[in-house]
Amino acid sequence: MTTPALLPLSAAGYPPCRRTLRLSEKFILLLILSAFITLCFGAFFFLPDNSKHKRFDLGLEGRAHPSHRHTQGGEACKRKGDKIRADHERALQEAKEKLRKSREELQAEIQTEKNKVMEDLKKKDPGPKPLPPVPMPKVVGVSDGEPPEPDVKEKRDKIREMMKHAWDSYRQYGWGHNELKPLAKKGHSTNIFGNSQLGASIVDALDTLYIMGLHEEFKDGQEWIEQNLDFGVNAEVSVFEVNIRFIGGLLAAYYLSGQEVFKLKAVQLAEKLLPAFNTPTGIPWAMVNLKSGVGRNWGWASAGSSILAEFGTLHMEFVHLTYLTGNPVMHIRKLLAKMDRPNGLYPNYLNPRTGRWGQHHTSVGGLGDSFYEYLLKAWLMSDKTDSEARKTYDDAIEAIERHLIRKSNGGLTFIGEWKNGHLERKMGHLACFAGGMFALGADGSPDDKAGHYLQLGAEIAHTCHESYDRTVLKLGPEAFKFDSGLEAVAVRQNEKYYILRPEVIETYWYMWRFTHDPKYRQWGWEAAQAIDKYCRVSGGFSGVKDVYSSNPTYDDVQQSFFLAETLKYLYLLFSSDDLMPLESWVFNTEAHPLPVLHLGNITLPGSEPAQR
Ligand code: DMJ
């Protein structure tokens, strides 16, 4: 049976009149009362304490109590009140004055305040750690180089004028953007820079401006870098491209001008790239997010692989950074040395997780090119002490000559591409740089083969010149074939473009320095004239989509490497040899000159002791 107290409170079931409470009812009442008391007690503790009160205290305390007036506390309160009144009046006065000021005056005041805050912050934050002092490498032949022959000087002046046009147009229409759209007359970018405005053209062009004596323009670029170049941005960039264009460009600008800001920026950027090396093998990802440090590879690369020409083109810049900062960096070369190579060739793809090769595709053009270049240049940059680099280069070139280099039916020497045991008889514009590389590596090659490699360089230069000469515009296509009666001409429509690339002119310059054969200046001048005639527009220089068409359409991009490389190599081709002498300077793959490091007995952290 249930008790009435637990029954529903209906009129029917409830006793009409009762004067006393039942025990259970008394108990419930007591419970409610005690809960109420606990709440009040608790609230007392949770109320803000007196000191917190004071924050909201407008100083009115005590003033309203006349009884305090004649006491000591009352005096104090009066003084306090007067002070508050005076403060209020002053604030009111200041506000009135502010309102009387013009917009410009107010803005100037705000700016002064801001600057003060920034100054205070700077004082509190000592900024990046100063770098350890190191002796500045010998820096020679960084300016002048005026040729004695008036006609050569005229050509050189023309190249300088072209650089002015490219730079001024970018300055006017694309300033701060990575590149320029010379027809649309606005900024441009590609995914290698992560679509953030990093001023790639500024950084890439600086050393060319310096070498050409365009010092006003150089200063302008320096100012932009000091004030705007920030690597803390949320941008996923190509590690390779950022290394060769930005780190290379900044280091070269530092060595040429001696301005510390370039060195600091280079070091800051390198730190942002380092997370890309966090892979099981230490082979870096192709891309890294500068802010989060998350890395990944290109979706199109064979089986999640990293690219030989990308991870193999970091050595020169990082050796310099090691020299300047005292931090050990990386040893990709050692890992590669332990790996088996099909036919002695380096495939273009390597998986950074497994440490295994991807597709067996070897090329001296795109995807492979600068890996070989950096082996040779590591040796040169070490004052010829890095014999491991030299040996690796010699072995690699020997295998390339055996498997990839052939003569066409028409007698043109070309470098093909090796794909799964088959030679594709096609050569890319990018591979044309190898003519210069063979010439540069001739001295110091094994078995007295210096003459052979210089000759090989000359043959590649000749073939690449033919690829230009056989077009309507006298500009080279992106790729050309040596098959079915074809000799150095492009077949596919999507291989007929010219995007202001430097490789052929680069080879002419090296060949000129080593042989002084006038044909190289002649060929370089042909290319310069063709660029000026067909690629120049009022807003800069543009690539063209078909070099076999007399009426070409533009791609509307002024590539940053046009300022860094193409125009620099042309300028050097028409300068005397004492400008940037090759005994003292080594050009990175983006044509940024780095001085030879004469380390003597110094051993860089993380590297083997230097051997001669
Ligand atoms: C440049 O960025 C560098 O020369 C790189 O090594 C390959 N290609 C471009 C120019 O063609």
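Hydrogens, waters and symmetry mates play no part in the numbers below; they use all other heavy atoms, side chains included. Note that the structure is predicted; figures quoted are calculated from it, not measured. All ligand and atom numbering here is 1-based and tracks the order in the structure.
Counting non-hydrogen atoms of neighbouring residues, nucleotides and ligands closer than 6.0 angstrom, the CG atom of N228 exceeds 12 such neighbours. The environment of CZ in R402 is crowded: more than 12 heavy-atom neighbours from other residues, nucleotides or ligands sit within 6.0 Å.
Between E241 and ligand 1, no N or O atom pair is found at a separation short of 3.5 Å. Taking only nitrogen or oxygen atoms, main chain and side chain alike, T589 reaches within less than 3.5 Å of ligand 1. For ligand 1, the polar-atom distance check finds an N/O of E503 within less than 3.5 Å of one of the ligand's N/O atoms.
The side chain of E565, and not its backbone, has at least one atom closer than 4.0 Å to an atom of ligand 1 (non-hydrogen atoms only; side chain from C-beta on).
Remark: ligand 1 atoms within the under-4.0 Å shell around heavy atoms of R245 are 2 (O). Proximity to L430 (heavy-atom distance under 4.0 Å) selects the following atoms of ligand 1: 7 (C), 8 (N), 11 (O). Less than 4.0 angstrom separates some heavy atom of P502 from each of these atoms of ligand 1: 10 (C), 11 (O).
No close placement of the W512 and W523 rings is indicated, their centers lying 6.0 Å or farther apart.
With respect to atom 2 (O) of ligand 1, the closest heavy atom belonging to the protein is E590 OE1, 2.6 Å.
We find that K419 and E424 are joined by a salt bridge, their nearest charged nitrogen and carboxylate oxygen being less than 4.0 Å apart.
Taking the six-membered ring where the residue is Trp, F482 and F414 present parallel rings, their angle staying beneath 30° rather than reaching 60°.
The side-chain heavy atoms of D483 and V491, taken from C-beta on, include no pair separated by under 4.5 Å.
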